[in-house]
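Below is one structure, written out as structure tokens, with a few remarks after it.
For ligands, and for the atoms within them, numbers begin at 1 and follow the listed sequence.
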Amino acid sequence: MIRPPGQDYISSVRIRRRVRELGRSIRRFYKNRPLTVVALLKGSVFFVVDLLRHLEPSTEVEFWTVSSYRGTRSTGRLHGLKSCRGNFRGRDVLLIDDILDSGLTLAHTRSHAKRLGARQVEVCVLLNKKRKRVRTVSARWVGFHITDRFVIGYGLDMDQRYRALPSIRALPEGV
Ligand code: IMP
Ligand code: MG
């Protein structure tokens with residue numbers, strides 16, 4: 001196998017342990033309230049599946065495929081929202097994403113879920129990048145806080161590659 005770029009950052013063991021903690025906390029928070037988990041694809045695919053194993057079996061799941069145009073952040077454009085659906089009336093929605101970066105993706109999907117009738121929308125991300133946000137978004141659950149550098153693995157890609165790495169690797173700062 002060709003060695004993937006970057007260096008070890010968060011091991012699969014640490015991820016597994018943290019996902020279990022998050023799952024338990026989420027389960028306690030929602031107790032008997034009807035919950036729909038909305039996973040933002042593709043980045044959150046491994047995270048959401050591992051997390052769901054720790055949630056109430058009656059939890060409903062939707063998958064939304066969206067992408068943000070980096071470089072046009074100021075215009076606040078998010079692609080794919082129009083085809084994102086869900087029957088949320090009277091339900092709590094938990095948005096799941098791989099990483100909170102500029103905040104654009106989660107700000108727009110959060111508003112969209114509210115428009116679709118969600119009673120309350122919370123956010124859970126595996127990673128929270130410490131940087132200046134374009135949009136303010138607060139995540140109730142965060143797996144790990146990281147510095148502003150590019151990471152790959154466990155769903156996170158670099159030009160669609162390296163999502164399948166079981167752990168998270170970091171590229172040197174400034175790449
Ligand atoms: P935001 O809209 O700027 O918050 O970006 C969120 C999306 O950008 C994430 O769902 C990722 O797909 C992507 N992204 C941001 N930072 C990274 C990174 O370090 N590695 C891989 N993808 C990233
Ligand atoms: Mg991506």
Side-chain angles (χ1 to χ4, degrees), residues 2-12 14-15 18-19 22 26 36-52 61-86 93-116 118 121-175:
I2 303 167
R3 216 177 136 73
Q7 59 193 45
D8 289 339
Y9 195 36
I10 308 173
S11 72
S12 55
R14 277 184 72 201
I15 295 172
R18 187 69 186 124
V19 170
L22 292 173
I26 291 167
T36 303
V37 158
V38 173
L40 304 183
L41 296 183
K42 304 174 191 164
S44 75
V45 66
F46 290 86
F47 181 39
V48 73
V49 169
D50 286 347
L51 196 61
L52 278 166
V61 193
E62 294 287 344
F63 296 98
W64 286 1
T65 303
V66 289
S67 54
S68 51
Y69 282 104
R70 338 222 98 230
T72 58
R73 276 178 185 147
S74 52
T75 65
R77 293 226 331 166
L78 189 73
H79 206 63
L81 213 52
K82 261 198 218 127
S83 36
C84 295
R85 311 252 158 75
V93 166
L94 178 61
L95 283 174
I96 310 277
D97 206 1
D98 51 357
I99 188 165
L100 177 54
D101 186 20
S102 74
L104 191 76
T105 305
L106 283 161
H108 284 270
T109 47
R110 195 172 188 282
S111 312
H112 191 66
K114 287 234 160 181
R115 276 197 299 275
L116 292 172
V121 184
E122 298 289 352
V123 170
C124 170
V125 288
L126 180 67
L127 306 173
N128 184 353
K129 231 186 238 190
K130 216 171 254 151
R131 56 160 282 187
K132 204 167 172 293
R133 305 252 188 266
V134 173
R135 298 284 299 265
T136 312
V137 177
S138 57
R140 184 174 283 271
W141 292 278
V142 174
F144 303 94
H145 294 270
I146 66 169
T147 54
D148 190 1
R149 57 207 293 204
F150 201 80
V151 286
I152 54 169
Y154 196 67
L156 291 135
D157 72 302
M158 185 168 80
D159 295 331
Q160 299 303 326
R161 290 182 299 162
Y162 307 116
R163 290 193 200 275
L165 284 171
S167 61
I168 294 173
R169 298 178 71 82
L171 301 194
E173 283 180 61
V175 174

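- Remark: distances from the non-hydrogen atoms of Lys129 to ligand 1 include one below 4.0 Å.
- Proximity to Gly103 (heavy-atom distance under 4.0 Å) selects the following atoms of ligand 1: 1 (P), 3 (O), 4 (O).
- Ligand 1 places these atoms under 4.0 Å from at least one heavy atom of Ser68: 2 (O).
- Contact annotation: for Met158 versus ligand 1, there are no heavy atoms closer than 4.0 Å.
- Within a 6.0 Å sphere centred on NZ of Lys42, heavy atoms belonging to other residues, nucleotides or ligands number 12 at most.
- When each atom of ligand 1 is checked for a heavy atom of Leu104 under 4.0 Å away, the hits are 2 (O), 4 (O).
- Residues Arg163 and Val45 form no side-chain contact, since every pair of their non-hydrogen atoms from C-beta on lies 4.5 Å or further apart.
- In this structure, Lys42 does not count as a contact residue of ligand 1, since none of its heavy atoms falls inside 4.0 Å of the ligand.
- Side chain of Trp64 to main chain of Leu41: no donor-acceptor pair is present (N/O by atom type, distance under 3.5 Å, no hydrogens or angles).
- Numbered from 1 in the order shown, with element, the atoms of ligand 1 that lie under 4.0 Å from a heavy atom of Asp97 read 10 (O).
- When the options Asp101, Leu156, Asp97, Leu100 are evaluated for a side-chain contact (heavy atoms from CB on, under 4.5 Å) with Leu127, the one that passes is Leu156.
- Counting atoms of ligand 1 from 1 in the listed order, those under 4.0 Å from a heavy atom of Thr105 are 1 (P), 2 (O), 5 (O), 6 (C).
- Arg131 CZ to Ser102 OG: the interatomic distance, rounded to the nearest 0.5 Å, is 5.5 Å.
- Between Ile152 and ligand 1, no pair of N/O atoms sits closer than 3.5 Å.
- Here the shortest heavy-atom pairing between Ala118 and Val93 reads CB-CG2, 3.6 Å.
- Between the Arg133 side chain and the Leu104 main chain, no donor and acceptor come within less than 3.5 Å of each other.
- Within ligand 1, counting atoms from 1 as listed, the ones closer than 4.0 Å to a heavy atom of Arg149 are 19 (O).
- In this structure, Gly43 does not count as a contact residue of ligand 1, since none of its heavy atoms falls inside 4.0 Å of the ligand.
- For ligand 1, the polar-atom distance check finds no N/O of Leu156 at less than 3.5 Å from any of the ligand's N/O atoms.
- Heavy atoms of Ser102 found under 4.0 angstrom from ligand 1 belong to the backbone as well as the side chain.
- Residue Asp98 touches ligand 1 through its side chain alone, judged by heavy-atom distances below 4.0 Å.
- Aromatic ring orientation, Phe46 versus Tyr154: tilted (interplanar angle from 30° to 60°).
- Nearest heavy atom pair, residue Arg169 against residue Asp8, reads NH1-OD1, 2.9 Å.
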